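All remarks here apply to the structure that follows.
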Number of protein chains: 2
Amino acid sequence: MAVPIEEIERRLALIGGALRAAGLRVTQQRMEVARAVAASDAHPDVETVYRAARARIPAISLDTVYRTLAEFDRLGLVSQVHAATAGPSRYDANRDAHHHFVCRGCGLIQDLYGDSLDAVAPPEPERLPGRVERVEVRFQGLCDECMRKEQDDE
Amino acid sequence: MAVPIEEIERRLALIGGALRAAGLRVTQQRMEVARAVAASDAHPDVETVYRAARARIPAISLDTVYRTLAEFDRLGLVSQVHAATAGPSRYDANRDAHHHFVCRGCGLIQDLYGDSLDAVAPPEPERLPGRVERVEVRFQGLCDECMRKEQDDE
DNA sequence: GTTACTGCAAACTTTTTGCACGACA
DNA sequence: TGTCGTGCAAAAAGTTTGCAGTAAC
């Protein structure tokens, strides 16, 4: 919800370019879906992206949003992030190395940065069953607000 | 698929005890669902647990398996793990500190152990939006078999 | 002008829920 | 014996797909 304008523009340019490079069409719908994910750092779900895109293209359909986000994911332009609690798929347009704090109460997902986290490596790489492409550290817990709520219940 | 008998028994005892401690009934169905997750280290999905449980209680229903796994999750006896690729919920009865390698090709999830991973901590704990209860390092990539398959396609 | 993309509607998969019967404590 | 848990069936939620029209290149 507080991604700087320049960062949004940078992400949109990246996505537009990647579409062209992949031989795909740069449609209004795709760019508005791109804008909706790129403009949020709250890791929005499909429905939220849909609502944001519909504010600019009233006739856009939910299945286009699904298809578009799946396509972006395939191209590596966004990635799915899992909340601590089950629910609809959520997406992240932040392509910089980062990690997450996830709240098991309300579904909050917050980006975390740190060289020490980026540097985490498997203890015995030779015993891995494959090749690592990405490392994500997930800190799971309860956010301050949910902690307050849990105390009120007791 | 290769959890030692003693470890399975240990997990079953833990689950049975926790049910009693929570004032819940220790039913045949619950214990067979427990056995099915406890006996696998392949992070089975609901359907797989259902099939394993049905081999011992033919009349067990899928919704009981859903309800039971959700209950176990609430009690902290199992946890959901997310594969790299979307699909049905998968469960893990391994309560020891551990981490995961996940393959984006086939859905493989393999447990990893290492003190260096357990010790990973947030770089600026005071700036976290809440309290951390668990840390999981996820190595995402492609397993050996999927790497081979991807080469064959080119 | 082609062809890929979109919107619509319908289907599909996964998960949840209400209710009456049966089993655990 | 009382109550919790289960099975059944139906519904809800989330996601995918086929097709005909539309827009991008």
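Numbered from 1 within each chain, the chains take letters A, B, ... in sequence-line order. As the structure is a computational prediction, the values presented were derived from the model and not from experiment. Basis for what follows: all heavy atoms, side chains included, without hydrogens, waters or symmetry-related copies.
The nearest whole Å value for the distance from the CZ atom in R20(A) to the C1' atom in dA4(C) is 16 Å. Between L75(A) atom CG and dC5(C) atom C1' there is a gap of 15 Å when expressed in whole angstrom units. At whole-Å resolution of the value, CD1 in I60(A) and P in dA23(D) are 14 Å apart. Atom CG in L69(B) sits about 12 Å away from atom P in dT6(D), given to the nearest Å. Taking atom CD of residue E71(B) and atom P of nucleotide dC4(D), one finds them 13 Å apart after rounding to whole Å. Between the CZ atom of R67(A) and the C1' atom of dG7(C) there is a distance of 8 Å, rounded to whole Å.
Through direct or indirect side-chain contacts shorter than 4.5 Å among Ile, Leu, Val, Met, Phe, Trp and Tyr, I109(B) is connected to V81(B), V102(B).
Under 3.5 Å, the side chains of E136(A) and H100(A) contain a donor-acceptor pair of N or O atoms. Side-chain contact of N94(A) with H43(A): a donor-acceptor pair under 3.5 Å is absent, judged by distance alone. R95(A) and S79(A) share a side-chain donor-acceptor pair at under 3.5 Å. Using modelled atom types, one finds a donor on one side chain and an acceptor on the other under 3.5 Å when comparing Q80(B) with S89(B).
A salt bridge links E133(B) to R104(A): one of the charged nitrogens lies within less than 4.0 Å of a carboxylate oxygen. The pair E7(B)-R10(B) meets the salt-bridge criterion, since a charged nitrogen lies less than 4.0 angstrom from a carboxylate oxygen. Salt-bridge annotation for R67(B) and D63(B): present, with a side-chain N of the basic residue lying under 4.0 Å from a carboxylate O of the acidic one.
Every residue meeting the side chain to side chain contact (heavy atoms under 4.5 Å, CB included) condition with E47(A), not counting sequence neighbours, appears here in chain and number order: D45(A), Y50(A), R51(A), L62(A).
At dC8(C), none of the side-chain N or O atoms of S61(A) fall inside 4.0 Å of OP1 or OP2 (strictly under the cut-off).
Of the residues in residues 22-33 of chain A, those lying under 4.0 Å from DNA chain C by heavy-atom distance are L24(A), R25(A), T27(A), Q29(A), R30(A).
Note on residues 117-130 of chain A: pairs passing salt bridge (Lys or Arg N to Asp or Glu O under 4.0 Å), not counting sequence neighbours, are E124(A)-R127(A).
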Filtered N/O pairs between nucleotides 14-16 of chain C and protein, under 3.5 Å:
{"from": "dT15(C)", "atom 1": "OP1", "to": "S89(B)", "atom 2": "N", "distance (Å)": "3.1"}
{"from": "dT15(C)", "atom 1": "OP1", "to": "S89(B)", "atom 2": "OG", "distance (Å)": "2.6"}
{"from": "dT15(C)", "atom 1": "OP2", "to": "Y66(B)", "atom 2": "OH", "distance (Å)": "2.5"}
{"from": "dT15(C)", "atom 1": "O5'", "to": "Y66(B)", "atom 2": "OH", "distance (Å)": "3.4"}

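R90(A) places a side-chain N or O within 3.5 Å of a backbone atom of A42(A) that can act as its donor or acceptor partner.
For the helix from dG1(C)-dC25(D) to dA25(C)-dT1(D), the axis fitted to the five pairs at one end and the axis fitted to the five pairs at the other end meet at an angle of 40° (nearest 10 degrees).
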